[in-house]
Novice: 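Input: one structure, supplied below.
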Amino acid sequence: MSSLLVLAIVVAIGLVAFFVGRQRASAQDNGSVKPHSRAHYHGWWAFLLAVLPALLLLAVWTIGSSVYLDRHIHAALPERTADTKVASEALDVSLVKSLAKGLRKLDATTLAALPATFAELQPLLAAKGVALATDTQDYMIPIAVEANAVQNRLGLFGAIITFALSIGGAFYALRQIAPRARARNNVERLMLWGLLAASTIAILTTVGIVLSMLFQTITFFESVSPMSFFFGTVWDPRFSAAGSGGSQGQFGLIPLLAGTLYIAAVALVVAVPVGLMSAVYMSEYASRSVRSVVKPALELLAGIPTIVYGIFAVVTLGPFLRDLSAALTGGSPFIQGQSIFTAGLVMGVMLIPVVSSLSDDIITAVPRAMRDGSLGLGATRSETIKRVILPAALPGIVGAILLTASRAIGETMIVVLAAGVAANLTINPFEAMTTITVKIVNQLTGDLEFNSPQTLVAFALGLTLFALTLVMNIVALYIVRKYREQYE
Amino acid sequence: MTDIPMDTMVRAAAHPRRDIGLKARYAAERRFRIYGVLAISVGLAFLAIMLITIVTKGYTAFWQTTVSLPISFDEKVIDPSNKRATDPNVLIKANYPKLAENALIAKLGINPDDKPAIKQLKAFLSEGARVQLRDIVAADPSVIGTTRNVNVLAAANLDSAFKGQIDLSVEEARRKVSDQQIAWMNKLKADGVMAEHFNTGLFSYGASSRPETSGMGVAIIGSFYMMVIVLLLALPIGVAASIYLEEFAKKNRFTDLIEVNINNLAAVPSIVFGLLGLAVFINFLGMPRSAAFVGGLVLTLMTLPTIIIATRAALAAVPPSIRAAALGLGASKMQMVFQHILPLAAPGILTGTIIGLARALGETAPLLLIGMVAFVADYPKTPFDPATALPVQIYMWANEAERAFVERMSGAIIILLVFLMAMNITAIVLRRRFERRW
């Protein structure tokens with residue numbers, strides 16, 4: 001009996017319990033005693049008691065029975081000898097499981113007269129549309145048949161006790177129905193636990209991010225020393241073919257980190273002046289009609305996906321800059337097609353609305369009194385902004401810049417398309433450098449052998465990136481909190 | 001006391017004005033204003049340039065060149081030994097390109113023995129013509145022996161030439177289309193046989209190695225599955241978590257930590273979520289790679305902090321008087337939250353959800369890492385089948401060099417931007433309509 005069917009039946013039992021419970025509760029309300037909870041709470045309590053314990057049991061049972069089945073198949077397999085044709089133990093088990101799954105599609109008469117060799121069995125299975133690996137061995141056939149039988153028995157048993165628990169829970173709840181029974185409190189307590197569980201998912205996500213990357217990074221540091229990773233200046237992973245044990249390659253972080261920081265710096269040089277001046281102009285000078293047009297337009301800029309920016313960089317801006325530089329020098333271009341300048345410029349454009357909206361909030365938070373006082377003493381508006389408002393908003397603006405920088409560092413698609421993949425160290429902004437995020441994508445797309453250093457380095461890089469952006473966010477928060485002027 | 005004349009008094013009373021550099025300061029003020037206008041113009045100019053270049057490059061993708069040929073479904077070509085009644089493979093493996101070639105030879109009046117001309121002819125029509133004709137015969141085998149008009153797809157190079165995208169002044173050896181093919185194209189165009197039609201295939205085809213038969217069908221369905229999964233998972237969990245944190249949790253160091261944690265998660269680079277998905281969902285839990293389900297889970301984790309923050313803001317905006325009134329009339333805390341606060345905070349929650357979904361729709365980096373960069377030619381029937389997503393499809397097409405792929409990539413970007421704009425406008429309209437100022 002499939003788990004889905006059991007699930008559906010349990011929910012149906014729960015629904016029946018709900019309606020019966022509600023009916024019974026409202027029937028008992030004859031006006032003599034004030035009922036503690038409204039009728040539908042009794043119904044919900046019956047539903048929850050019928051469904052939740054049964055579902056929990058079903059989940060545990062399914063996991064447990066699949067583990068038991070694996071152990072069973074393991075034990076039934078013959079001893080591995082030198083001339084065992086199958087490559088590994090795990091492969092043995094998975095071949096048996098696929099064979100068992102295929103055998104389920106055969107009808108009863110074929111199963112009764114099952115051939116003993118795989119060669120005869122294969123065409124029968126192929127006729128039903130089941131394709132199996134050719135190194136399925138003959139001894140696997142009786143094991144698979146028995147595995148199916150065990151699975152059926154386990155499934156049936158599990159379904160029976162799930163139904164028993166579900167009906168038992170329903171009856172227990174229905175028996176408790178009385179005018180002064182505290183059904184609402186019970187239901188609300190369960191709801192509270194549900195809300196608590198939902199909020200732990202948010203924490204679990206962070207824990208999951210850190211732990212998952214940490215384990216892989218530790219494995220990585222077993223084959224590559226942390227010193228050579230963090231302080232190495234050459235990045236040359238040298239993909240080796242699977243299982244060939246070829247030369248390891250060098251994994252130095254410095255070129256990637258330098259590229260990341262350089263491109264982020266160029267992006268900030270573009271984004272911060274433009275974004276800050278836009279925010280200042282819109283909050284101080286712009287009329288309502290101008291603001292109502294420009295603000296949505298800048299939000300539009302923020303809503304464009306980064307892949308579109310990346311494509312704009314590689315299809316339009318890169319060739320344009322290259323041809324422009326060729327025209328300027330009258331020959332060979334000094335700006336490459338993929339360069340730090342291109343990527344930084346496009347990333348800066350992407351970050352303009354981020355800086356603008358963050359600064360806008362901060363500038364409008366400065367109280368009017370300071371503005372009016374300065375204007376009253378005879379300063380022009382630009383002098384007020386330069387000497388009174390911006391200094392007052394400075395901690396917030398520094399925090400905004402740090403948050404923008406952390407976004408620039410974590411950006412992937414623009415640099416994948418517009419910056420190069422060659423990890424070199426250079427000062428010239430018109431050459432190509434690569435970043436941490438580009439290398440994470442490069443190492444993980446393509447053929448993967450999961451425990452090779454080439455793949456694990458991506459997790460080490462990811463952990464570095466996560467730590468870097470985390471530190472920047474925390475520092476931004478700290479600066480804003482510590483230096484913020486308290487105005488009221 | 002003598003009368004001091006008026007003008008002396010006035011002149012004595014008026015001090016000479018101190019030079020406070022007003023002229024320079026006003027000039028500085030004007031310059032500052034100009035800088036502000038410049039800054040805004042720079043931002044808007046980039047926006048305009050980006051949109052214009054993408055639209056001009058991409059709008060031609062919505063039209064596809066076809067050649068309308070009378071194809072005679074000749075039995076001698078399709079089933080020479082007349083075995084189709086017993087062997088279904090005959091109809092599948094028949095030489096359909098020959099039918100199309102024959103029709104084109106007849107139309108252009110070419111000598112069938114002219115080998116070089118036939119070679120150029122074969123490159124004229126798309127390789128997808130085989131599938132087109134095969135599907136017609138498979139749907140209705142009685143068409144064998146008859147002649148029918150079919151709109152056969154032109155090859156991608158001819159499509160680009162027809163749309164005027166190929167520079168014909170370059171010498172023939174360095175071009176993708178020969179002079180002979182151009183001459184044929186002009187003749188067919190003059191006859192009205194070769195024309196452009198609306199490219200429904202852009203929306204319905206899956207991945208293909210030929211640009212004229214590739215489309216976003218798989219990507220659109222994959223993105224749709226992922227959006228549904230994100231909506232079904234992130235919205236309830238996010239709202240439940242916010243309600244707990246905002247209404248029920250005690251204000252202590254632990255909940256402070258949770259709040260800092262959630263704000264941090266909202267600022268974590270999206271590629272880190274991809275790494276999490278790879279390590280936990282694919283490696284540890286063994287879920288299938290390239291499945292829309294895993295993509296949906298990763299995007300849910302990414303959207304969750306956004307929804308939590310938006311919901312908390314919406315819940316906090318409901319005035320305390322409503323909470324006090326509900327409690328005062330005898331409601332329990334749970335009833336107050338679910339029956340009074342939540343309906344009033346619903347517009348804010350909805351807006352935050354739509355904005356979060358729009359962000360998730362445009363995300364590429366995490367999906368690249370969990371394997372959605374896959375060549376998927378058939379529609380995924382369930383969220384567990386291999387699929388791809390709209391931004392990932394754009395990325396894959398960006399890596400192809402053919403001009404027709406560049407055109408399709410821009411067309412796909414236009415469609416993505418239209419979807420995103422629709423979602424953002426819906427969010428803004430909803431916010432304006434249902435916003436209440438307390």
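Chain letters run A, B, ... following the sequence lines, proteins first and then strands; every chain starts at 1. The figures here come from the full heavy-atom set of this structure, side chains too, leaving out hydrogens, waters and symmetry mates.
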Novice: Taking it one step at a time, do A/Ile311 and B/Tyr395 satisfy side-chain contact (heavy atoms from CB on, under 4.5 Å)?
Specialist: CA-CA 8 Å; A/Ile311 286 179; B/Tyr395 171 71; over 6 Å; no

Novice: Of the listed residues (A/Asn473, A/Leu463, A/Leu300, A/Val280), which shares the most heavy-atom pairs with chain B below a 4.5 Å separation?
Specialist: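 Top count of heavy-atom pairs under 4.5 Å with chain B: A/Asn473.
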
Novice: Taking side chain as C-beta onward, heavy atoms only, is A/Gln216 less than 4.5 Å from B/Asn283?
Specialist: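 In contact.
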
Novice: Any idea which of B/Ala267, B/Ser41, B/Ala398 has the most non-hydrogen atom pairs under 4.5 angstrom with chain A?
Specialist: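 The candidate making the most pairs under 4.5 Å is B/Ala267.
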
Novice: Counting heavy-atom pairs under 4.5 Å with chain A, which one of B/Leu301, B/Ile308, B/Leu304 comes out on top?
Specialist: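 Most heavy-atom pairs within the cutoff with chain A belong to B/Leu301.
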
Novice: More than 12 heavy atoms of other residues, nucleotides or ligands under 6.0 Å from CG of A/Leu4: yes or no?
Specialist: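 No, the 6.0 Å shell around CG holds no more than 12 heavy atoms from other groups.
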
Novice: Atom CZ of residue position B/Arg359 - does it have more than 12 heavy atoms of other residues, nucleotides or ligands inside 6.0 Å?
Specialist: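 No, not enclosed.
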
Novice: Can you find a pair of side-chain heavy atoms, one from A/Pro305 and one from B/Leu417, that are under 4.5 Å apart?
Specialist: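 Yes, their side chains come closer than 4.5 Å.
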
Novice: What's the verdict on side-chain contact (heavy atoms from CB on, under 4.5 Å) for B/Val37 and A/Tyr285, showing C-alpha distance, side-chain angles and the deciding distance?
Specialist: CA-CA 10 Å; B/Val37 174; A/Tyr285 291 101; over 6 Å; no

Novice: Could you look at B/Phe284 and say if it's the side chain, the backbone, both or neither that has a heavy atom under 4.5 Å from chain A?
Specialist: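 Interface part for B/Phe284: neither.
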
Novice: Specify which of B/Ala28, B/Gly43, B/Pro305, B/Ala241 makes the most heavy-atom pairs with chain A at under 4.5 Å.
Specialist: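 The candidate making the most pairs under 4.5 Å is B/Ala241.
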
Novice: By a 4.5 Å heavy-atom criterion (distance strictly below it), what part of B/Glu363 contacts chain A: side chain, backbone, both, or neither?
Specialist: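 Neither part; nothing is under 4.5 Å.
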
Novice: What part of A/Thr316 is in contact with chain B, defined as an atom under 4.5 angstrom from a non-hydrogen atom: side chain, backbone, both or neither?
Specialist: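 Looking at A/Thr316, just its side chain touches chain B.
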
Novice: What residue in A/Leu317, A/Val314, A/Leu477, A/Ile440 has the most heavy-atom pairs under 4.5 Å with chain B?
Specialist: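 Looking at each of A/Leu317, A/Val314, A/Leu477, A/Ile440 in turn, A/Ile440 comes out on top.
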
Novice: Please round to the nearest 0.5 Å and tell me the distance separating atom OG of B/Ser270 and atom CD of A/Glu411.
Specialist: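 CD of A/Glu411 is found 7.0 Å from OG of B/Ser270.
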
Novice: Tell me, side chain or backbone of B/Leu44 under 4.5 Å from chain A's heavy atoms, or both, or neither?
Specialist: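 Side chain only.
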
Novice: Need one label for B/Ile40: side chain, backbone, both or neither, based on atoms under 4.5 Å from any heavy atom in chain A.
Specialist: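 Both backbone and side chain.
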
Novice: Are there more than 12 heavy atoms of other residues, nucleotides or ligands under 6.0 Å from atom CZ of B/Arg25?
Specialist: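 More than 12 within 6.0 Å, yes.
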
Novice: Above 12 or not: heavy atoms from other molecules or residues under 6.0 Å from CZ of B/Phe375?
Specialist: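 Count over threshold, so yes.
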
Novice: Evaluate whether atom CH2 of B/Trp397 has more than 12 neighbouring non-hydrogen atoms of other residues, nucleotides or ligands under 6.0 angstrom away.
Specialist: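 Above 12, so yes.
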
Novice: Between OG1 of A/Thr445 and CE of B/Met372, what distance do you get to the nearest 0.5 Å?
Specialist: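 Spacing of OG1 (A/Thr445) from CE (B/Met372) equals 15.0 Å.
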
Novice: State, yes or no, whether a side-chain contact exists between B/Val272 and A/Met213 at a heavy-atom distance under 4.5 Å.
Specialist: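 B/Val272 vs A/Met213: side chains touch.
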
Novice: Quick one: of B/Ile413, B/Asn263, B/Leu38, B/Ile271, who has the most non-hydrogen atom pairs under 4.5 Å with chain A?
Specialist: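 It is B/Ile271.
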
Novice: Between A/Val308, A/Thr469, A/Leu196, A/Leu465, which shows the greatest number of heavy-atom pairs under 4.5 Å with chain B?
Specialist: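 Highest number of pairs under 4.5 Å: A/Leu196.
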
Novice: With a 4.5 Å cut-off on side-chain heavy atoms, are B/Phe32 and A/Met277 touching?
Specialist: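 Side chain of A/Met277 against side chain of B/Phe32, heavy atoms only: contact under 4.5 Å found.
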
Novice: List the steps, then state whether side-chain contact (heavy atoms from CB on, under 4.5 Å) holds for B/Val260 with A/Ile474.
Specialist: CA-CA 9 Å; B/Val260 169; A/Ile474 290 182; 5.7 Å; no

Novice: If you count every heavy atom of other residues, nucleotides or ligands that lies below 6.0 Å from A/Arg184 atom CZ, does the total exceed 12?
Specialist: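 Correct, the count exceeds 12.
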
Novice: Could you look at B/Tyr35 and say if it's the side chain, the backbone, both or neither that has a heavy atom under 4.5 Å from chain A?
Specialist: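 Contact with chain A: backbone and side chain both.
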
Novice: Is it the backbone or the side chain of B/Leu416 that comes under 4.5 Å from a heavy atom of chain A, or both, or neither?
Specialist: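 For B/Leu416, the contact with chain A is made by the side chain alone.
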
Novice: Identify which part of B/Ile394 has an atom lying under 4.5 Å from any heavy atom of chain A, answering side chain, backbone, both or neither.
Specialist: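 It is both, since atoms from each part get that close.
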
Novice: Hey, could you give me the CG/CG distance between B/Leu275 and A/Leu461, rounded to the nearest 0.5 Å?
Specialist: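 Nearest 0.5 Å value for the CG-CG distance: 9.0 Å.
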
Novice: Where on A/Thr380 is there a heavy atom nearer than 4.5 Å to chain B: the side chain, the backbone, both, or neither?
Specialist: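 For A/Thr380, backbone and side chain are both near chain B.
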
Novice: Sort B/Met421 into side chain, backbone, both or neither according to what part of it lies under 4.5 angstrom from a heavy atom of chain A.
Specialist: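 For B/Met421, the contact with chain A is made by the side chain alone.
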
Novice: When heavy-atom pairs shorter than 4.5 Å are enumerated against chain B, which of A/Ser382, A/Ser199, A/Pro296, A/Gly410 gives the highest number?
Specialist: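 Heavy-atom pair counts peak at A/Ser382.
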
Novice: Above 12 or not: heavy atoms from other molecules or residues under 6.0 Å from CZ of A/Arg387?
Specialist: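 Result for CZ/A/Arg387: open.
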
Novice: Please classify the contact between A/Val346 and chain B as side chain, backbone, both or neither, with a heavy-atom cut-off of under 4.5 Å.
Specialist: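 Nothing of A/Val346, per the 4.5 Å heavy-atom cut-off to chain B.
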
Novice: Pick from B/Met334, B/Arg30, B/Lys57: which one has the most heavy-atom pairs with chain A under 4.5 Å?
Specialist: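 Most heavy-atom pairs within the cutoff with chain A belong to B/Met334.
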
Novice: Using atom types as modelled and distance alone, determine if a side-chain donor or acceptor of B/Glu29 lies under 3.5 Å from a backbone N or O of A/Arg381.
Specialist: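 Here the side-chain-to-backbone pair exists.
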
Novice: Roughly how far apart are A/Leu444 CG and B/Leu369 CG, rounded to 0.5 Å?
Specialist: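 Answer rounded to 0.5 Å: 5.5 Å.
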
Novice: Hey, does A/Met413 have a side-chain heavy atom less than 4.5 Å from the side chain of B/Leu368?
Specialist: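 Side-chain contact under 4.5 Å: yes.
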
Novice: Name the option with the most non-hydrogen atom pairs under 4.5 Å to chain B; the candidates are A/Ile209, A/Val210, A/Leu195.
Specialist: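 Of A/Ile209, A/Val210, A/Leu195, A/Leu195 has the most heavy-atom pairs under 4.5 Å with chain B.
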
Novice: What I'd like to find out is whether the side chain of B/Lys333 reaches to under 4.5 Å of the side chain of A/Glu188, using heavy atoms alone.
Specialist: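 No, their side chains stay 4.5 Å or more apart.
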
Novice: Quick check for you: to the nearest 0.5 Å, what is the distance between A/Thr200 atom OG1 and B/Tyr244 atom OH?
Specialist: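 Reported to 0.5 Å precision, the distance equals 9.5 Å.
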
Novice: So for B/Ser332, is it side chain, backbone, both, or neither that comes closer than 4.5 Å to the heavy atoms of chain A?
Specialist: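 B/Ser332 touches chain A through backbone and side-chain heavy atoms alike.
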
Novice: Name the member of A/Phe459, A/Phe215, A/Phe466, A/Tyr309 that forms the most heavy-atom pairs with chain B at distances under 4.5 Å.
Specialist: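 If we count pairs closer than 4.5 Å to chain B, A/Phe459 comes out on top.
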
Novice: Sort A/Leu417 into side chain, backbone, both or neither according to what part of it lies under 4.5 angstrom from a heavy atom of chain B.
Specialist: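 The answer is the side chain of A/Leu417.
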
Novice: Using side-chain heavy atoms (C-beta onward) and a distance below 4.5 Å, is A/Val349 in contact with B/Val42?
Specialist: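 A/Val349 does not reach B/Val42 side chain to side chain.
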
Novice: Check the pair A/Val315 / B/Met409 against side-chain contact (heavy atoms from CB on, under 4.5 Å), numbers first and verdict last.
Specialist: CA-CA 11 Å; A/Val315 167; B/Met409 172 192 75; 4.0 Å; yes

Novice: Decide if atom CZ of B/Phe338 counts as having more than 12 heavy atoms of other residues, nucleotides or ligands within a radius under 6.0 Å.
Specialist: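 Yes - once you tally the heavy atoms of other residues, nucleotides and ligands closer than 6.0 Å, there are more than 12.
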
Novice: Decide yes or no for A/Thr205 and B/Leu276: does some side-chain heavy atom of the first lie under 4.5 Å from some side-chain heavy atom of the second?
Specialist: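 Heavy-atom side-chain distance check passes, below 4.5 Å.
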
